[in-house]
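Remarks on the structure that follows.
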Number of protein chains: 2
Amino acid sequence: MASSTRPRAAAKAPPPEGVLVLEEFLPYRLNVLATIVSQGFARLYSERFGISIPEWRVIAMLGQHRTLTSKAIGERTHMHKTMVSRAVTDLERHGLLSRLANRADKREAFLSLTDAGRRIYAEIVPLAHDYAARLTAELSDADRAAFDRIVSLLRERSDIVFMSERNDGVTG
Amino acid sequence: MASSTRPRAAAKAPPPEGVLVLEEFLPYRLNVLATIVSQGFARLYSERFGISIPEWRVIAMLGQHRTLTSKAIGERTHMHKTMVSRAVTDLERHGLLSRLANRADKREAFLSLTDAGRRIYAEIVPLAHDYAARLTAELSDADRAAFDRIVSLLRERSDIVFMSERNDGVTG
DNA sequence: TATTGTTATACTCTATAACTATA
DNA sequence: TATAGTTATAGAGTATAACAATA
């Protein structure tokens, strides 16, 4: 088929067989980018408001939805229930969150932000929008839309790939 | 310019002022995606070969470049020197890596994979290529190229945004 | 029996600080 | 004085298991 001298777009040469160029490997690239981006954002609120990433996620959920149970927060944020429990305890201790026992099912409680919690939320939200805007300032509208779409696709796809691995040993 | 009734692509309504939709927030989305993707890949090699993510990164670097110092590995992989040191020690203990002292500067050593290390590398590389291929199987070539380009852009941009924060308190 | 949530515990990755041995 | 690398230690974030209270 292709001769060994077929023209290439003068770009980079393909790596030799059996070699992986780590800097081009998707999981690695995503990991580095996500770490820098999310640590950069965490720095904006962690020192100023004394809250951790899990606490921020709980605040963000309750700012967005007003009232949720711990279980619902865990499901929506991919946080383990132990992390949610600890974050909720800490936020309550600092007066940013209040619990209201569900009288219809006393195992769970409805969580919501206190006034103090809402004030912090109201301060962080513009920081968040501004941070995302600065990060994507050099992207065209088309690029931004494409990136959102592709991240969503990869996110769905990663679940499928993840689960197909899980079943590798089971289907035999 | 635009009237308040300009047509919208029947997509989602914009969120109310002062609210952040966490599921649409870039740092959060990147974090969730990267965690799932890189854990999914780690699962492919960690149990089978008994190596951690930092160890894999060292192996990947030495598979790609044959010989590097610990410092060079740290710079290329964004790993802290303490992590590199520990990963190198473990890999050496398991016979996957060897050190050759630099006689011109005895503080450092040239690291390279042993035959056993190269065998593991040679087994993981196809797993890596296959994993990335499965993950991006549903993307068009154009999407794949766009995603690579945008990730690179965001990566550069994140350094700039990160550093501009660093200087916030200094320029006053 | 199953589910919500808590606590104890441990593991991974990361980071700081103090150190050594070189340069 | 500065640099390459090691070790001790601590801090996030995550996960497992055992448990209490409730359904």
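We name chains A, B, ... by the order of the sequence lines, and we start the count at 1 in each one. It should be emphasised that the depicted structure is a prediction, and the values quoted were computed from it without experimental measurement.
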(request) Starting from the 5' end of DNA chain C, give me the residue, A:Asn31 or A:Val84, whose nearest nucleotide shows up first. (result) A:Val84
(request) Answer with yes or no after comparing the ring centroid distance for B:Phe49 and B:Trp56 against a 6.0 Å cut-off, counting only values under it. (result) no
(request) Rounded off to whole Å, could you give me the CG-to-P distance for the A:Asp90 and C:dT7 pair? (result) 11 Å
(message) Taking the minimum atom-to-atom distance to the side chain of A:Ser85, which one of D:dG13, C:dT7, C:dT4 wins?
(response) C:dT7
(request) Indicate yes or no: does B:Glu123 engage B:Arg119 in a salt bridge with an N to O separation below 4.0 Å. (result) no
(request) Grab the CG-C1' distance between A:Leu111 and C:dG5 for me, whole Å please. (result) 11 Å
(request) Please tell me which of A:Thr35 and A:Glu108 maps to the more 5' nucleotide of DNA chain C, matching each residue to the nucleotide holding its nearest heavy atom. (result) A:Glu108
(message) Any salt bridge linking A:Glu75 with A:Lys71? Criterion: basic side-chain nitrogen under 4.0 Å from a carboxylate oxygen.
(response) yes
(request) Mind calculating the distance between CD (B:Gln39) and C1' (C:dC11) to the nearest angstrom? (result) 12 Å
(message) Can you list everything that forms a salt bridge (charged side-chain N to carboxylate O under 4.0 Å, His left out) with A:Arg48? Sequence neighbours excluded, please.
(response) none
(message) Tell me whether the side-chain N/O atoms of A:Arg99 come closer than 4.0 Å to OP1 or OP2 in C:dT6.
(response) yes
(request) Specify the separation, in whole Å, of atom CZ of B:Arg43 and atom C1' of C:dC11. (result) 17 Å
(request) For A:Ile53 and D:dG11, give me the distance from atom CD1 to atom P, rounded to whole Å. (result) 17 Å
(request) Calculate the interatomic distance between A:Glu47 atom CD and C:dA15 atom C1'; express it in whole Å. (result) 14 Å
(request) Taking the six-membered ring for Trp and the full ring for Phe, Tyr or His, determine whether the centres of A:Phe41 and B:Phe25 are under 6.0 Å apart. (result) yes
(request) Could you state the atom-to-atom distance from CD of A:Glu92 to P of C:dT6 in whole Å? (result) 9 Å
(message) Measure NZ/B:Lys71 against P/D:dT6 and give the value in whole Å, please.
(response) 14 Å
(message) Using a 6.0 Å cut-off, check whether atom CZ of A:Arg66 has over 12 heavy atoms from anything other than its own residue.
(response) no
(request) Answer yes or no: is there a side-chain heavy-atom contact under 4.5 Å between A:Arg149 and B:Asp143? (result) yes
(message) Can you build the contact string for nucleotides 16-23 of chain C? Use B for base contact, S for sugar-phosphate-only contact, and - for no protein heavy atom under 4.0 Å.
(response) BB---BBS
